[in-house]
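Residue numbers begin at 1 in each chain, while the letters A, B, ... track the order of the sequences.
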Amino acid sequence: MHITSPAFKDNARAALDDDALQRALGNVRSGFIGKRAKAAAALPEFEQLRDAARDIKDHVLAHLDLYLEAYADKVEASGGHVHWAQDAEDARRIILGICEAKKARTVTKGKSMITEEIGLNAFLEEHAVTPVETDLGEYIIQLRGEHPSHIIAPAVHVNKDQVEEDFRRVHTHLDPARNLEEPTTLLSEARAVLRDKYFQADIGITGANFLVAETGSSIIVTNEGNGDLTQILPKTHIVVASVEKVVPTLEDMSQILRVLARSATGQDMSVYTTLSTGPKRPEDPDGPEDYHVVLLDNGRSAMLGSEFQEMLRCIRCGACMNHCPVYHAVGGHAYGWVYPGPMGAVLTPSLIGVDQAGHLPNASTFCGRCESVCPMRIPLPKMMRHWREREFSRNLNPAAARYGLGLWAFFAKRPAVYHAAMRLAIGTLSRLGRRSGRFASLPFAGGWTRFRDLPAPQGATFQAQWAKKRKSA
Amino acid sequence: MSDARSAILARMRASLGQRAEDAARRAAVADRLQRAPRGIVPQRGQLDPAARTELFCKMAEAVQASVARVASAAAVPGEVSAYLKTHNLPARVRMGADARLAAMPWAGEPHLEIASGRAEGSDLATVSHAIGGVAETGTLVLTAGSDNPTTLNFLPEHHIAVVRESDLVGDYESIWDRLRQIHGKGVMPRTVNMITGPSRSADIEQTLLLGAHGPRALHIIVVAD
């Protein structure tokens, strides 16, 4: 997919002016936060489970090579095939190879961010294979020619009237006079249209929430049931998963499951948690005859042992973006690639390079809400700071920012000079702004005053006021 | 593809500063896979059998499943008929070859037509037998096979799932123990479905709607035994 992360500032500005998007983003602000808080509060062991989940993934990452070997052996022992993909191109080629071997024309897909990461849909289309997204949100954005704007609610940027328009445009076999006012009618229509696709598909492709080394199972967690129909009706099931999805045992998976849905949608458990192991057995009347797993590295092995290793604990619940004031303001598309929000601000520079994605770790207020709700306790703000440092050390920031930071650092390292300069500046500004109490424009502060007035300082510096207060007390 | 495999694994070892033959690391992995430590198991489900059943039913109803409790397996066919009637459904269900279901007195419901085998897209109602249920979250657990084909769980509008009260457990971990007993350690049926309520989606303006692609309704029959 075309990367627009370098244009984050322009994307963000456009997003703020997009009325339909702003209306849709209201649903993120109002819904997710309360639901997660309620679910977390209802389980006394929730915080302990977060610790346990973090420790499991830390253990896995320290032994990732060995758990992957154990997992791959088990998949093969159960009759499945494992393919190793070093990068996106490898993965696309492997998947297309399976499609060609099976002479597949239509492929149904369960929701998968990894297939977004490798740009699978566009690639399959170029090679005469039609991918059909079956998750309702993914289906809607596929009709619109868009990409997900959220990792668990891909169409969260779309309003109901827009869905209605898209359905009328694409479902031309249906009565144009039909009433589509109610969301449930839209859902029923998508259900009926997609039902046929499941039966027509030659191959079903899903992602994986977990890969269990103990059993060689791939696990998907969904609410709609589309992932299950995708993987049990076609003759071939392909799982595409990144290497860090592996967990040791079913018990370890259960620990993380208990924090996953609660953090994501505020459910205690998603509706369908499905464990798939190998192809169907001789006695099975349904299920795929062939089972393939494509294990994708795509830069992750290089994150091991680095200051970004902890990012590989991420289970893609979306809690960080659900709680992020920046995401709330601009939505997911502004981030310019597959992964938005705080997790995207850390992961995207790792996967596509900080020279392309340098704006993302800067698009943060450092309020810390993402880390406070992350079920895997990933220190997202800290890692955004690591990216800012790398960006600075590689001279990627604009000259003005570097010069400004250098100037600030000069003063910050010399407290006496700093305080003197602050006293002078605050005193001057306070006198200049005495009449109106604010500035509509100010040299070097255009970035602020273009959008709002800058309040004039009231009297002395904070340090001076603090000292005075302590003295009088 | 084996060179991709060795390249990826070699990069991981290099990043981690480890060597492949490190016996201590291998032992740590083998030990965890063997022991499968349980971790934190919520107190919520750790109850005596009667309270566990109560909790299972309450949690399942909280996620919009409907629950009927019957006194014995012999009462299941009657309950299935009654459910279909209440929901204005034709007196027809599909089910697999499950011996527990087969042993039930279906002849007592002469109007009820029973189709067998895997589900078809046109089936309105199916019946399957769960291997257990987890009280913690009101979750049913079903396994693939000719006894209870997986399609029965996903294709119909109404999925009726039978579970024995004695098969209800407090937590997911107890289900894994049972699967290991039945299939052996590290061996799994093709598909294990953990099902918590009927299918749903909130993809349109975050409004929760039931019946996205799977069943619109999940009816659980808990059999006392």
Practice task
Compare all side-chain heavy atoms of Arg300(A) with those of Ser15(B) and state whether any distance is below 4.5 angstrom.
Solution key: no

Handout entry: Salt bridge present between Arg180(B) and Glu251(A) (N-O < 4.0 angstrom)
Key = yes

Exercise for the section: Could you tell me which portion of His59(A) (side chain, backbone, both or neither) has an atom closer than 4.5 angstrom to a non-hydrogen atom of chain B? Expected result: side chain

Handout entry: From OH (Tyr272(A)) to CD1 (Ile195(B)), nearest 0.5 Å
Key = 6.0 Å

Problem - Which portion of Pro279(A) sits near chain B, non-hydrogen atoms under 4.5 angstrom - result: backbone

Fill in the blank from the handout: If one checks every heavy atom of Thr139(B) against chain A at 4.5 Å, the contacting part turns out to be side chain

Exercise for the section: Identify which part of Ala72(A) has an atom lying under 4.5 Å from any heavy atom of chain B, answering side chain, backbone, both or neither. Expected result: side chain

Problem - Any donor-acceptor pair under 3.5 Å from Asn223(A) side chain to Arg200(B) backbone - result: no

Handout entry: Spacing of CG belonging to Leu152(B) relative to CG belonging to Asp286(A), to within rounding of 0.5 Å
Key = 7.0 Å

Handout entry: Engaged part of Gln34(B) at the chain A interface, taking heavy atoms whose separation is under 4.5 Å
Key = neither

Practice task
Heavy-atom pairs under 4.5 Å with chain B are the metric here; pick the option from Arg258(A), Glu214(A), Gln309(A), Gln162(A) that has the most.
Solution key: Arg258(A)

Problem - Which atoms of Ala213(A) approach chain B - backbone, side chain, both or neither, heavy atom under 4.5 Å - result: both

Practice task
Please round to the nearest 0.5 Å and tell me the distance separating atom CG of Leu275(A) and atom CE of Met194(B).
Solution key: 7.0 Å

Exercise for the section: Tell me, for Ile140(A) versus chain B, whether the close heavy atoms (under 4.5 Å) come from the side chain, the backbone, both or neither. Expected result: side chain

Practice task
Mark yes or no for whether Arg44(B), through its side chain, and Ala42(A), through its backbone, hold a donor-acceptor pair below 3.5 Å.
Solution key: yes

Problem - Test item: Arg190(B) side-chain N/O and Asp284(A) main-chain N/O as donor-acceptor pair under 3.5 Å - result: no

Exercise for the section: Output yes when Arg25(B) and Glu69(A) qualify as a salt bridge under the 4.0 Å nitrogen-oxygen rule, no when they do not. Expected result: no

Completion exercise
If one checks every heavy atom of Val212(A) against chain B at 4.5 Å, the contacting part turns out to be neither

Practice task
List the steps, then state whether side chain to side chain contact (heavy atoms under 4.5 Å, CB included) holds for Val134(B) with Met269(A).
Solution key: CA-CA 11 Å; Val134(B) 183; Met269(A) 184 79 163; over 6 Å; no

Practice task
Could you tell me which portion of Arg195(A) (side chain, backbone, both or neither) has an atom closer than 4.5 angstrom to a non-hydrogen atom of chain B?
Solution key: side chain

Practice task
Check for a donor-acceptor pair, side chain of Ser199(B) on one end and backbone N or O of Glu224(A) on the other, with a separation under 3.5 Å.
Solution key: yes

Exercise for the section: With a 4.5 angstrom heavy-atom cut-off, could you sort out which part of Phe46(A) is near chain B: side chain, backbone, both or neither? Expected result: neither

Practice task
Please state whether the side chain, the backbone, both or neither of Ser270(A) comes within less than 4.5 Å of a heavy atom of chain B.
Solution key: backbone

Practice task
Pick one of side chain, backbone, both or neither for Leu140(B), based on which atoms fall under 4.5 Å of a heavy atom in chain A.
Solution key: neither

Exercise for the section: Output the distance between atom CZ (Phe32(A)) and atom CD (Gln206(B)), rounded to the nearest 0.5 Å. Expected result: 4.0 Å

Exercise for the section: Can you tell which part of Ser217(A) gets under 4.5 Å to a heavy atom of chain B, answering side chain, backbone, both or neither? Expected result: side chain

Practice task
Verify side chain to side chain contact (heavy atoms under 4.5 Å, CB included) between Phe154(B) and Asn226(A), making sure each step is shown before the conclusion.
Solution key: CA-CA 9 Å; Phe154(B) 292 97; Asn226(A) 64 305; over 6 Å; no

Problem - Portion of Leu136(A) that has a non-hydrogen atom of chain B nearer than 4.5 angstrom - result: both

Exercise for the section: State, without any angle test, whether Arg38(B) and Gln255(A) hold a side-chain donor-acceptor pair at a distance under 3.5 Å. Expected result: no

Exercise for the section: Would you mind checking which part of Ile232(A) comes under 4.5 Å of any heavy atom in chain B, side chain (CB onward), backbone (N, CA, C, O), both or neither? Expected result: side chain

Problem - Pair Arg13(B) + Asp65(A): basic N to acidic O under 4.0 Å - result: yes

Practice task
For the pair His213(B) and Tyr198(A), name the ring-plane relationship: parallel under 30°, tilted 30 to 60°, perpendicular over 60°.
Solution key: perpendicular

Handout entry: Pair Asp268(A), Thr137(B): side-chain N/O donor-acceptor within cut-off below 3.5 Å
Key = no

Handout entry: Portion of Lys160(A) that has a non-hydrogen atom of chain B nearer than 4.5 angstrom
Key = both

Practice task
Go through the atoms of Val63(B) and report whether side chain, backbone, both or neither lie under 4.5 Å from a heavy atom of chain A.
Solution key: neither

Practice task
With a 4.5 angstrom heavy-atom cut-off, could you sort out which part of Ala70(A) is near chain B: side chain, backbone, both or neither?
Solution key: side chain

Handout entry: Toward chain A, the part of Asn148(B) with a non-hydrogen atom under 4.5 Å
Key = neither

